[in-house]
Amino acid sequence: MQVVFETFLEQLSESVDEAEFCEAMSGAAAGLELVTFAYLSLPHQRSAEPRLISNYPDRWTAHYLQNRYHKVDPVIVRAQSGGCPFRWGSDMRGAATSQVQQKLFDEAAEFSIRCGLTIPIVDRRGCISAVTFAADEPNPAFLRVAERYEQALQLMATCFHIHVRRKLSGNRTVDGVSLTPREYECLQWAARGKSAWDIACILGITRRTAAFHLDNAKKKLGVRTKNQAVALLASSRSFIL
């Protein structure tokens with residue numbers, strides 16, 4: 001468990017986009033013999049879209065979001081109250097009182113999502129999220145892992161949420177220009193006096209890759225030098241030294 005958790009934390013620290021975060025959690029879950037997971041972060045505004053990072057089948061996640069199932073999903077409704085992790089399965093289906101909720105469970109079952117362990121997250125900013133580890137059926141192996149590692153999975157879910165919120169929810173617009181997560185991150189380190197070599201060591205990438213992202217940032221910002229790009233970043237409200 002220690003190796004799985006340490007590897008997971010290292011990957012989280014290096015992740016800069018949803019694909020990398022998904023890979024980090026997928027790897028950790030697989031290390032604990034858990035096949036699928038889903039991280040759902042609810043928006044503050046009801047009209048906005050939730051953030052969903054998952055290794056569920058793409059067809060299912062697209063269908064789930066398109067139908068805005070997060071508003072009626074009994075699992076998410078319960079998670080919004082916070083509290084301890086909870087396991088669900090056929091008992092949760094019994095709590096589905098509307099036709100839409102019954103339809104949701106029937107459709108999820110078609111993608112082998114019939115039970116799971118859900119970890120509610122309500123952070124100090126009032127952000128509500130949930131991490132679910134799902135299975136096709138409540139077999140002994142799944143139940144054993146869910147019970148044995150419940151506290152560890154809760155800690156992993158919290159770490160995942162904090163890193164996603166910090167890295168993916170920020171404003172990466174500089175002087176009206178939107179940068180990619182990696183371009184913005186490299187430029188931030190450059191603003192702290194780090195060279196391309198330093199940035200490469202910090203982020204675990206090659207010097208060439210770091211220089212590539214810095215060059216892309218300069219081109220997008222319409223400047224010729226790194227110092228000019230840093231100056232624009234420093235004048236941006238989204239940047240704090």
Side-chain angles (χ1 to χ4, degrees), residues 1-2 4-29 31-32 34 36-56 61 64-65 68-88 92 95 113 116-134 145-147 149-173 178 180-182 184-185 188 203 236-241:
M1 178 64 207
Q2 183 176 351
V4 171
F5 187 67
E6 288 180 357
T7 302
F8 174 66
L9 288 182
E10 289 178 0
Q11 287 186 286
L12 282 186
S13 66
E14 296 171 358
S15 298
V16 295
D17 57 31
E18 290 190 1
E20 292 182 354
F21 277 109
C22 183
E23 183 178 350
M25 183 62 90
S26 295
L32 299 176
L34 298 171
T36 56
F37 87 95
Y39 165 82
L40 184 73
S41 181
L42 298 177
H44 285 293
Q45 297 179 343
R46 289 184 60 83
S47 59
E49 294 294 325
R51 180 185 297 279
L52 177 60
I53 301 176
S54 170
N55 64 354
Y56 286 173
T61 55
Y64 186 97
L65 293 175
R68 304 185 71 79
Y69 276 158
H70 64 280
K71 291 189 173 183
V72 298
D73 188 342
V75 175
I76 299 303
V77 171
R78 177 172 173 179
Q80 289 184 62
S81 301
C84 299
F86 60 90
R87 288 185 282 275
W88 54 269
M92 186 65 74
I113 302 171
L117 170 70
T118 294
I119 301 165
I121 302 170
V122 182
D123 65 25
R124 60 187 179 85
R125 299 185 183 182
C127 297
I128 299 175
S129 303
V131 173
T132 294
F133 298 93
V145 171
E147 180 177 359
Y149 296 117
E150 183 176 297
Q151 290 186 331
L153 291 170
Q154 187 174 13
L155 180 58
M156 288 169 57
T158 301
C159 291
F160 188 86
H161 169 73
I162 291 173
H163 277 78
V164 167
R165 187 189 66 189
R166 181 170 63 87
K167 293 188 177 183
L168 301 186
S169 299
N171 178 15
R172 295 185 177 87
T173 300
S178 179
T180 68
R182 189 63 94 184
Y184 191 87
E185 190 172 28
Q188 280 186 310
L203 300 182
S236 172
R237 294 180 179 179
S238 64
F239 178 67
I240 300 176
L241 284 171

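Only this structure's heavy atoms are used, side chains among them; waters, hydrogens and symmetry mates stay out. What you see is a predicted model, and the numbers here were worked out from it, not measured in a lab.
To the nearest 0.5 Å, atoms OG1 (Thr61) and CD1 (Ile53) are separated by 11.5 Å. Summarising the geometry, atom CG belonging to Leu42 is positioned 6.5 Å from atom CD1 belonging to Ile76; distances are rounded to the nearest 0.5 Å. If you take OG on Ser41 and CD1 on Ile128, they are separated by 9.0 Å, rounding to the nearest 0.5 Å. To the nearest 0.5 Å, atoms CG (Asp73) and CZ (Arg78) are separated by 12.5 Å. Rounded to the nearest 0.5 angstrom, Phe5 CZ and Cys159 SG are separated by 4.5 Å.
Listed by chain and number, the residues in a salt bridge (Lys or Arg N to Asp or Glu O under 4.0 Å) with Arg87 are Glu150 (sequence neighbours excluded).
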Do any side-chain atoms of residues 12-19 form donor-acceptor pairs under 3.5 angstrom with protein atoms, and if so which ones, sequence neighbours left out?
| from | atom 1 | to | atom 2 | distance (Å) |
| --- | --- | --- | --- | --- |
| Ser13 | OG | Glu10 | O | 2.6 |
| Ser15 | OG | Gln11 | O | 2.6 |
| Ser15 | OG | Glu20 | O | 3.4 |
| Asp17 | OD1 | Ala19 | N | 3.3 |
| Asp17 | OD1 | Glu20 | N | 2.9 |
| Glu18 | OE2 | Arg51 | NH1 | 2.7 |

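Counting heavy atoms of neighbouring residues, nucleotides and ligands inside a 6.0 Å radius, atom CD of Gln80 exceeds 12 of them.
Of all heavy-atom pairs spanning Leu153 and Ile119, the tightest one is O-CD1, 3.4 Å. When every heavy atom of Cys22 is checked against every heavy atom of Asn55, the shortest pair comes out as SG-N, 4.0 Å. Here the closest heavy-atom approach between residue Pro120 and residue Ala79 is recorded as CB-O, 3.4 Å.
Between Tyr149 and Leu34 the shortest side-chain heavy-atom distance does not fall below 4.5 Å.
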Step-by-step side-chain contact (heavy atoms from CB on, under 4.5 Å) determination, Arg182 to Leu203: CA-CA 9 Å; Arg182 189 63 94 184; Leu203 300 182; 3.7 Å; yes
Stepwise side-chain contact (heavy atoms from CB on, under 4.5 Å) test for Phe21 and Leu168: CA-CA 10 Å; Phe21 277 109; Leu168 301 186; 3.9 Å; yes
Stepwise side-chain contact (heavy atoms from CB on, under 4.5 Å) test for Leu155 and Phe8: CA-CA 11 Å; Leu155 180 58; Phe8 174 66; over 6 Å; no
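Using modelled atom types, no side-chain atom of Ser178 and backbone atom of Thr173 make a donor-acceptor pair closer than 3.5 Å. In this structure, Thr36 contributes its side chain and Ala134 its backbone to a donor-acceptor pair below 3.5 Å.
Listed by first then second residue, pairs satisfying side chain to side chain donor-acceptor pair (under 3.5 Å) with a partner in residues 151-161 read Tyr39-His161, Asp123-His161, Ser129-His161, not counting sequence neighbours.
Below 30°, between 30° and 60°, or above 60°: for Phe37 and Phe133 the angle between ring planes is between 30° and 60°, a tilted geometry.
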